[in-house]
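The structure appears below as structure tokens.
Residue numbers begin at 1 in each chain, while the letters A, B, ... track the order of the sequences.
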2 protein chains.
Amino acid sequence: MIGGIVFTPANCPMRDVLGNIAGKWTTLMIHALSEGPMRFSALKRTIPDISQRMLTQTLRDLQRDGYISRTVYPTNPPSVDYALTDLGRSFLTVLLPLVDWSTSHHGAIREARTAFDAAG
Amino acid sequence: MIGGIVFTPANCPMRDVLGNIAGKWTTLMIHALSEGPMRFSALKRTIPDISQRMLTQTLRDLQRDGYISRTVYPTNPPSVDYALTDLGRSFLTVLLPLVDWSTSHHGAIREARTAFDAAG
DNA sequence: CTGCATCCTTGCCGATACTG
DNA sequence: CAGTATCGGCAAGGATGCAG
């Protein structure tokens, strides 16, 4: 039988989990940290067009959900390291295939858009 | 060497592909169609708290990007079938693991949030 | 260097009413 | 049944300035 599934908010972790990683910068940041810890300024260079406001906010959201850790070194000037937690590295196992898929099918999607828009 | 990657919008399909599937309802709709074609009203029942406006708009966006097809049967009253395309089914291979991951780690994420908020 | 505070713009999304 | 049209709230996000 088809159609018996109902996605109420209550039985749907997709809402609560994917909703947060669906932000504009979230997956980008996790992916940037996949090769190792990075400092605030390094992340800023890796994603040039993110504002400082969004960088700070996204990092805090990811830390809150347990994807990344934040380590402060009280040097002068101070430096802060961000790194993936075990949860964050676990998430990579499903994120990286998603990124690969996006890369492989980017062309097909762009063609579909053009065709759709042409059909008016 | 670490840190050599720079995510400019130009070299980053994540922006163009994941940005569109990151909507509030998008992945939910693709997942709903994973078992077979569904009509407009059936989708509405599957995702009870979506508005007609968002249902229509999300379906059109997904059709534009080539994930789903739209078939109109000129009966009276009219009926419309939505179904995954090959591209949409291909996307399922990376979406479903993501959904499974969300389900398995939902608890850990909620605990992380609580701990973070408690730490203030 | 690594943030936080503020203002402002944009666009997502819901509610409602109306159509073939 | 399957949409379209319009209005409005609210949150995401950008720009700028200030602080530890």
Side-chain angles (χ1 to χ4, degrees), chain A residues 3 7-9 12 14-16 18-29 32-33 37-65 68-83 116 119-120, chain B residues 3 7-9 12 14-16 18-29 32-33 37-65 68-83 116 119-120:
Chain A
F7 292 133
T8 56
C12 191
M14 291 175 72
R15 299 280 181 85
D16 199 33
L18 296 187
N20 277 278
I21 61 105
K24 188 175 179 180
W25 307 107
T26 321
T27 54
L28 227 43
M29 313 255 321
L33 290 172
M38 293 180 75
R39 295 180 50 177
F40 188 89
S41 50
L43 283 165
K44 180 86 183 67
R45 280 190 298 275
T46 301
I47 311 174
D49 56 340
I50 194 176
S51 64
Q52 272 191 347
R53 171 175 159 57
M54 278 301 105
L55 183 55
T56 301
Q57 183 174 308
T58 305
L59 285 169
R60 190 161 13 85
D61 291 345
L62 287 175
Q63 188 194 358
R64 187 173 110 96
D65 276 17
I68 65 176
S69 62
R70 179 178 185 270
T71 310
V72 181
Y73 298 100
T75 55
N76 194 336
S79 72
V80 181
D81 250 44
Y82 293 95
F116 183 88
Chain B
F7 292 132
T8 56
C12 191
M14 291 176 73
R15 299 280 180 84
D16 199 33
L18 296 187
N20 277 277
I21 61 104
K24 188 174 179 180
W25 306 107
T26 321
T27 54
L28 227 43
M29 312 254 321
L33 290 172
M38 293 182 75
R39 295 179 51 176
F40 188 88
S41 50
L43 283 166
K44 180 87 181 68
R45 279 191 298 275
T46 301
I47 311 174
D49 56 340
I50 194 174
S51 63
Q52 268 191 347
R53 171 178 159 69
M54 278 300 105
L55 183 55
T56 302
Q57 184 173 304
T58 305
L59 285 169
R60 192 163 7 89
D61 291 344
L62 287 175
Q63 187 193 357
R64 187 173 111 96
D65 276 17
I68 65 176
S69 63
R70 179 178 184 271
T71 310
V72 181
Y73 299 100
T75 54
N76 193 338
S79 73
V80 181
D81 250 43
Y82 293 94
F116 183 89

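In the region residues 54-64 of chain A, proximity to DNA chain C at under 4.0 angstrom, judged on heavy atoms, holds for A/Thr56.
Between A/Val72 and A/Pro74, the shortest heavy-atom distance links the atoms O-CD, 3.7 Å. For the residue pair A/Ala32 and A/Met38, the shortest heavy atom distance occurs at O-SD, 3.4 Å. Considering all non-hydrogen atoms of both residues, B/Thr27 and B/Ile21 come closest at CG2-O, 3.4 Å. Contact record, A/Leu59 with A/Phe40: CD1-CD1, 4.0 Å, taken as the closest heavy-atom pair. Contact between B/Arg39 and B/Pro78 at its shortest, heavy atoms only, is NH2-O, 4.2 Å. In terms of heavy atoms, B/Lys44 sits closest to B/Ile50 at NZ-O, 3.0 Å.
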Item to check | B/Arg15 vs A/Trp25, side-chain contact (heavy atoms from CB on, under 4.5 Å): CA-CA, chis, key distance, verdict | outcome: CA-CA 9 Å; B/Arg15 299 280 180 84; A/Trp25 307 107; 3.5 Å; yes

Item to check | Derivation of the side-chain contact (heavy atoms from CB on, under 4.5 Å) call for B/Asp49 and B/Ile47 | outcome: CA-CA 6 Å; B/Asp49 56 340; B/Ile47 311 174; 3.9 Å; yes

Next on the checklist: With side-chain contact (heavy atoms from CB on, under 4.5 Å) as the criterion, how do A/Gln57 and A/Asp61 come out once you've worked through the C-alpha distance, each side chain's angles and the decisive distance to 0.1 Å?
Outcome noted: CA-CA 6 Å; A/Gln57 183 174 308; A/Asp61 291 345; 4.0 Å; yes

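In this entry the distance linking CD1 of B/Ile50 with P of C/dG14 reads 7 Å, nearest Å. In this structure, A/Asn76 places its CG atom 12 Å from P of C/dC1, rounding to the nearest Å. The CG atom of B/Asp49 sits 12 Å away from the C1' atom of C/dC13 (whole-angstrom rounding).
Running 5' to 3' along DNA chain D, contacts with non-hydrogen atoms of chain A at under 4.0 Å begin and end at D/dG13 to D/dG20.
The structure places CZ of A/Arg60 at 11.0 Å from CG of A/Leu62, a figure rounded to the nearest 0.5 Å.
Fit an axis to the five pairs at each end of the helix from C/dC1-D/dG20 to C/dG20-D/dC1 and the two axes sit 50° apart, to the nearest 10 degrees.
Checking C/dC13, C/dA17, C/dC1 against every side-chain atom of A/Ser41, the shortest atom distance belongs to C/dC1. Distances were taken from every side-chain heavy atom of B/Arg53 (C-beta onward) to each of C/dG3, C/dT6, C/dA15; the shortest belongs to C/dA15. Taking only side-chain atoms of A/Phe40, from C-beta outward, the nucleotide of C/dG14, C/dC1, C/dG3 with the closest atom is C/dG3.
Using a 4.0 Å heavy-atom criterion, one finds that B/Tyr73 contacts no nucleic acid atom at all.
Side-chain contact between B/Leu28 and B/Thr46 is absent, with no heavy atoms from C-beta onward closer than 4.5 Å.
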